[in-house]
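Inspection log for the structure reproduced underneath, given as structure tokens.
Not measured: the values here are computed from a predicted model. Throughout, a chain's letter reflects where its sequence line sits, starting with A, and its residues are numbered from 1.
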2 protein chains.
Amino acid sequence: MVRVSTSSRDDLAESLRERGLRVTPQRRAILAAFSAGENGHVTADDVFERAVAGLPELSRATVYNTLGELVRVGLLQRVDGAGPTLYDPNLDRTHHHFRCLRCGSLSDIHLEGEEDVQLAESGYVVERTRVTLEGLCPTCATTGDRRR
Amino acid sequence: MVRVSTSSRDDLAESLRERGLRVTPQRRAILAAFSAGENGHVTADDVFERAVAGLPELSRATVYNTLGELVRVGLLQRVDGAGPTLYDPNLDRTHHHFRCLRCGSLSDIHLEGEEDVQLAESGYVVERTRVTLEGLCPTCATTGDRRR
DNA sequence: ACCTAGCTTAGATCGCATCTAATTTACGAC
DNA sequence: GTCGTAAATTAGATGCGATCTAAGCTAGGT
Ligand SMILES: [Mn+2]
Ligand SMILES: [Mn+2]
Ligand SMILES: [Zn+2]
Ligand SMILES: [Zn+2]
């Protein structure tokens, strides 16, 4: 029988505590909704559905509150656009997004040669750069070109 | 007295007609809301407020319907993000946006050296690239650094 | 002048998100 | 272990931006 040095459960708890947040069953369940494999990019409602399965008394308000806190302390990033806000556990600032105009899917992408892009105007303090490409995802590009 | 070759009113009407849209008083008023100087980047409600001033019976549904048509035929672009959708009469694809994290303002920006940016993944059909920088606008950068 | 597809309208309805105010709980101090 | 309290949770109300409905109006072709 293998003894794991640190359980992932304790990791989650620790990452909350070290940021001054209390550890609650609700927060464990919400964080677990992201660890559950998947691609990332989930709506608040996705999170609620997954988390409420193991915690039936969970409230949507708690999901919104907690997602807000997790973004605030830097454990998640928000991805805004048309439609509901998506929450992304991938904090890698070199990854960007592709939004499919036909099926609406959002995928992670990487860019080549973007390091040197810089703002022509002055006076701005740039904290982050988001690049979003739009068009047809690989699936939709090969399944006919009708736009949704 | 100078005689202008084509009045801007007729220009607007023509740009509608040549795209197969009927010309109505409502659509004139809605388009006029963009011609009225300004920086661009207005919400549907901004447009409603400006247009209803000269056309009191105007309905919000018409504003939403018309803005949707104008985007569909390529006379406006949508700019989505946190908060209400903004409509932008500036269709220049080399202009991008800066979103201020303190005051929420959206400004036009231009980038240097973005031509060679390309997608590392394959199979995607890229129709357009949007770059959004986030941080502090010139005003907020010099008025203290509190985040809103 | 007439016809009709296209357009407009008030108000209902929707989806996502936030707020409220009462209750429960995590966790540091003892 | 007990206690006190700030933090967190809850159900439901509320808000806001946007879309839908279905009845009436009109631009523009014939
Ligand atoms: Mn991502
Ligand atoms: Mn713009
Ligand atoms: Zn697709
Ligand atoms: Zn600002």
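- Residue A:Ile30 contributes atom CD1, which lies 10 Å from atom C1' of D:dT9 at whole-angstrom precision.
- Note on B:Leu136: it does not cluster hydrophobically with B:Val131, by side-chain heavy-atom contacts below 4.5 Å among ILVMFWY residues.
- A:Asp80 has its CG atom 12 Å from the C1' atom of C:dA17, to the nearest Å.
- A straight line from CG of B:Asp45 to P of D:dG15 spans 16 Å, rounded to a whole angstrom.
- Taking for each of B:Thr43 and B:Arg22 the nucleotide of DNA chain D with the nearest heavy atom, the 5'-most of the two is the partner of B:Thr43.
- The CD atom of A:Glu69 sits 9 Å away from the P atom of D:dT9 (whole-angstrom rounding).
- Checking the phosphate oxygens (OP1, OP2) of C:dT9, a side-chain nitrogen or oxygen of B:Gln26 falls inside 4.0 Å.
- Between the CG atom of B:Leu16 and the P atom of D:dT26 there is a distance of 18 Å, given to the nearest Å.
- For the pair A:Arg27 and C:dA26, the criterion of a side-chain N or O lying under 4.0 Å from OP1 or OP2 is not met.
- For the residue pair B:Arg78 / B:Thr85, a side-chain donor-acceptor distance below 3.5 Å is found, with atom types taken as modelled.
- Under 3.5 Å, the side chains of A:His41 and A:Asp46 contain no donor-acceptor pair of N or O atoms.
- Rounding to whole angstrom units, CG of residue B:Leu58 and P of C:dC7 are separated by 15 Å.
- Here A:Thr24 lies in heavy-atom contact (under 4.0 Å) with sugar-phosphate atoms only.
- In this structure, the CZ atom of A:Arg17 is 13 Å from the P atom of D:dA8, given to the nearest Å.
- Taking only side-chain nitrogens and oxygens, A:Thr66 never comes nearer than 4.0 Å to OP1 or OP2 of D:dA8.
- Between A:Gly74 and A:Leu91, the closest heavy-atom pair is O-CD1, 3.2 Å.
- A donor-acceptor pair shorter than 3.5 Å cannot be found between the side chains of B:Asp45 and B:Thr43.
- With 3.5 Å as the limit, one finds a donor-acceptor pair spanning the side chains of B:His95 and B:Asp88.
- Between A:Tyr87 and A:Phe34 the shortest side-chain heavy-atom distance falls below 4.5 Å.
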Protein-nucleotides 18-20 of chain C N/O pairs closer than 3.5 Å?
none

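- Dashed line: the shortest gap from a side-chain N or O of B:Thr62 to OP1 or OP2 of C:dA10 is not under 4.0 Å.
- Taking atom CG on A:Leu21 and atom P on D:dA8, their separation rounds to 6 Å, with Å as the unit.
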